[in-house]
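Everything numeric here is computed off the predicted structure, so don't read it as measured data. Quick note on labels: first sequence line is chain A, next is B, and so on, each numbered from 1.
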Amino acid sequence: MQIDKELDLKGEVCPFTFVKSKLIIEQMDTGQVLRVILDYKPSVENVPKSMEMEGQEVLAVNQIGENLWEVLVRKVK
Amino acid sequence: MSFHFTEEQIKRYSRHIILPEVGGVGQKRLLDAKVLVIGAGGLGSPSIYYLAAAGVGTIGIVDFDVVDFSNLQRQILHNTSRVGIPKVESAKMTIEALNPDVKVIPYNQKIDKSNVLDIIKDYDIVLDGSDNFPTRFLVNDACYMLGKPLVSAAILRFEGQLTTFDYRNRETSPCYRCLFPEPPPPGLVPSCQEAGLLGVVGGIMGTLQANEALKLILGIGEPLVGKLLVFDALTTEFRTVKLRKDKKCNLCGENPTIKELIEYDQACEVHF
């Protein structure tokens, strides 16, 4: 899968993990994919939930290490 | 669209950015917006304070008065240590302490026929929080002529009124003169000594003015055009009265007679 933009949010907590992801996705083109790296557990649930509420498509949420996750989001609108 | 926010701005505006109706795009719009507020008093204090907190990037403030102890019961931009200094200066200090993103442009002068168009022309939206009819008519006529949206509020005793005139759509929006064709004769207006006012009424109506301005900037919701909102603090009730465009209006009607600015006599020189 092609990743168009990557955002490393290690050390960030809610709600800024979502706020920062949203600011990036707003500036991307429809259809592009954003990969967000998170190390704050509550954000792993909240970022995908909020992205879906905004109408974006959450492609995957994967644990990629100890206390480390990736969220893949496709910009729909 | 591209924009860049500093870490501090991301934190400061995060509650806006989270809103689907605002986002980074909307916040940038707010930072790029220019709003002019007439009067830094009971209405201007809350409207200016909230606009500044929201990150409206340029706020012009017109007021030629100085801060007086009698203002402090409701004019929350000012404080005891500011008594005696110009209200626009006091307002600038308060706003700069709240949000360094906001550029405050102070106009420490009386607004009149000679300067009103020049002051208003560079702004996107005008908020009228003035305390006298000559200023209200002058600001209305100037906004109409320049095609600027005007958010108008007035307060007295326990009552407040609010409406928005969207002069970007002059063909459909009623104007202030559809509601009040001419200033009332001096005897009908309560003299300054009689004009009591519960401080929070200014807080409520001024905050609603800021709400109208934010919606206009963001292009969301429905502005209060063609409707007059009346608030009664004693019953805590809001009523909405429909405002119609008057075909016979001297300013915006089918055969307008007002083609240039009019300066009415000030019935009361003491400011309240």
Heavy-atom count around [X] [atom1] within 6.0 Å, excluding the residue itself: above 12?
X: A:Gln63; atom1: CD; result: yes
X: B:Lys215; atom1: NZ; result: yes
X: A:Glu45; atom1: CD; result: no
X: A:Lys75; atom1: NZ; result: yes
X: B:Lys245; atom1: NZ; result: yes

Q. Would A:Lys20 and B:Glu7 pass as an ion pair if we require N to O under 4.0 Å?
A. yes
Q: Return the minimal non-hydrogen interatomic distance between B:Ile18 and A:Pro15, and the atom names on each side.
A: CD1-CB, 3.7 Å
Q. At their closest point, which heavy atom of B:Phe3 faces which heavy atom of A:Gln27, and how far apart are they?
A. N-OE1, 2.7 Å
Q) Taking the side chain from A:Lys22 and the backbone from B:Ile17, do they hold a donor-acceptor pair closer than 3.5 Å? A) yes
Q) How far does OG of B:Ser14 sit from CG of A:Leu23, to the nearest 0.5 angstrom? A) 10.0 Å
